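All of these numbers come straight from a predicted model, not from anything done at the bench. Just so you know, ligand 1 is whichever comes first in the structure, and atom 1 is the first atom listed for that ligand.
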Amino acid sequence: MEQNQTGLSAQGASGAPRGTLQRWLTGPRVDGLPQLAAQPAPALSFEFFPPRTEALEAQLWSCIRRLEPLAPRFVSVTYGAGGTTQARTHATVARIVRETRLTPAAHLTCVGAPRAEVDEVARAYWEAGVRHIVALRGDPPAGMAQYEAHPEGYAYAVDLVAGLRRIAPFEVSVAAYPEIHPTALSADHDLDNLKRKIDAGATRAITQYFFDSAIFLRFLDRALAAGITVPIVPGIMPVSNFTQMRKFSAMCGAGVPDWMGRLFEGLEEDAETRRMVAAVVAAEQVRLLQANGIDEFHFYTLNRPDLVYAIAHILGARPRRPD
Ligand SMILES: Cc1cc2nc3c(=O)[nH]c(=O)nc-3n(C[C@H](O)[C@H](O)[C@H](O)COP(=O)(O)OP(=O)(O)OC[C@H]3O[C@@H](n4cnc5c(N)ncnc54)[C@H](O)[C@@H]3O)c2cc1C
């Protein structure tokens, strides 16, 4: 019988097609990612959105309570497009301060308000004990095609960062775009904008979500070359509703690789399997990033804790008991 270079028969005893074992045994060996236990648990942060109804409020709080024991570095609460959730964002953040051991970060945008009003909101946060702001330009409200700065407002996030610095010594995080902001003049201009936000006083960038880790790692290289040295924390979006996510990604400029379409194909009516697939996709993504030295992750929770909890667990996070 014909022998291959491994000394095994090319026609296996099971009658498998000729050459199968040879192909398996002589192909490149993938060493795999480092052992899970070998990596220290990363720092985590979680993003929530302010609820619109009582039912959603209950869902948010059950999400917060489930994730709280993982002791995230901070949790952030978004600000609706056009500043539409100002009161709800404030109420949610204030309740986090009052009722949990978590450190909240309030998102704040420039859209649709004069500087004096934005400053007032920031001062109210400081007085409520909030010390961390995620400073954003913001998206235009529904119905407005293009962003237009308020005539007396902060025009861009960089202006808001500088304004916050004048109000109080907030910790300030800003947004970054590994795949470039959709309306940026160029990739270099966008990176220069990030650098200016850091130079204005931001101490952390949190990225738009992405699915191709190589794009994020290349972005880190470019950021470092541009003189940015603060942490650029990857924003991770576990995807359980692929169809919805694809629509949203088209608007915010996040690329959806073809392989993801193939992965979720045929699961439109099967939420349970989609969730399992989503867990694998996100776990592979964060494991690859972790293997590349990334030790801080920001999760877009969409107020649903289970996938995030599982992925954080895989990364090594374990619940901490209150002291
Ligand atoms: C982590 C994260 C959290 C977010 N949270 C929210 C939220 O809570 N609420 C919300 O509404 N949106 C949120 N967004 C979306 C964000 O508001 C939008 O992506 C918005 O379009 C840009 O905001 P920015 O802070 O990045 O803006 P900026 O940093 O101001 O940049 C916006 C665009 O303008 C360009 N630009 C900057 N300065 C100039 C200039 N002088 N001339 C010309 N172009 C310029 C930049 O290159 C970029 O293309 C979030 C995004 C991220 C990544």
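- Looking at Glu47, Gln208, His107 and measuring to atom 5 (N) of ligand 1, the nearest heavy atom belongs to His107.
- Among the candidates Glu47, Arg73, Arg204, the single residue satisfying the side chain to side chain donor-acceptor pair (under 3.5 Å) test with His298 is Glu47.
- In this structure, the ring of Phe170 has its center no less than 6.0 angstrom from the ring center of His132.
- Considering backbone and side-chain atoms alike, Ala157 places an N or O below 3.5 Å from some N or O of ligand 1.
- For ligand 1, the atoms sitting less than 4.0 Å from at least one non-hydrogen atom of His181 are 19 (O), 20 (C), 21 (O), 22 (C), 33 (C), 48 (C), 49 (O), numbered in the order shown with element in parentheses.
- Taking each of Tyr79, Tyr209, Tyr300 in turn, the one with a heavy atom nearest to atom 7 (C) of ligand 1 proves to be Tyr79.
- Remark: ligand 1 atoms within the under-4.0 Å shell around heavy atoms of Ala175 are 26 (O), 52 (C), 53 (C).
- Between Gly138 and ligand 1, a contact under 3.5 Å exists for at least one N or O pair.
- Contact between Arg196 and ligand 1 is present, with at least one heavy atom of the residue lying under 4.0 Å from the ligand.
- Counting heavy-atom neighbours within 6.0 Å of Arg320 CZ, excluding the residue itself, gives a total of 12 or less.
- In terms of polar-atom proximity, Thr109 is not counted as a contact of ligand 1, lacking any N or O under 3.5 Å from an N or O of the ligand.
- Proximity of Asp190 to ligand 1 is established by a heavy-atom distance of less than 4.0 Å.
- A salt bridge is defined here as a Lys NZ or Arg NE, NH1 or NH2 lying under 4.0 Å from an Asp or Glu carboxylate O, and Arg262 with Glu265 fails to meet this definition.
- Taking the charged nitrogens against the carboxylate oxygens, Glu120 and Arg123 do have a contact shorter than 4.0 Å, which makes a salt bridge.
- From Leu108, atom CG reaches atom CD of Gln86 across 8.0 Å, with rounding to the nearest 0.5 Å.
- With a 4.0 Å heavy-atom cut-off, ligand 1 is reached by the backbone of Thr78 and by its side chain too.
- For His181 and Thr183, the side-chain atoms include at least one donor-acceptor pair closer than 3.5 Å.
- Selection from Tyr154, Tyr177, Tyr156 by nearest heavy atom to atom 43 (C) of ligand 1 gives Tyr156.
- Contact annotation: for His298 versus ligand 1, there are no heavy atoms closer than 4.0 Å.
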*May I have the step-by-step check of side-chain contact (heavy atoms from CB on, under 4.5 Å) for Thr243 and Phe248, ending in yes or no?*
CA-CA 9 Å; Thr243 311; Phe248 185 64; over 6 Å; no
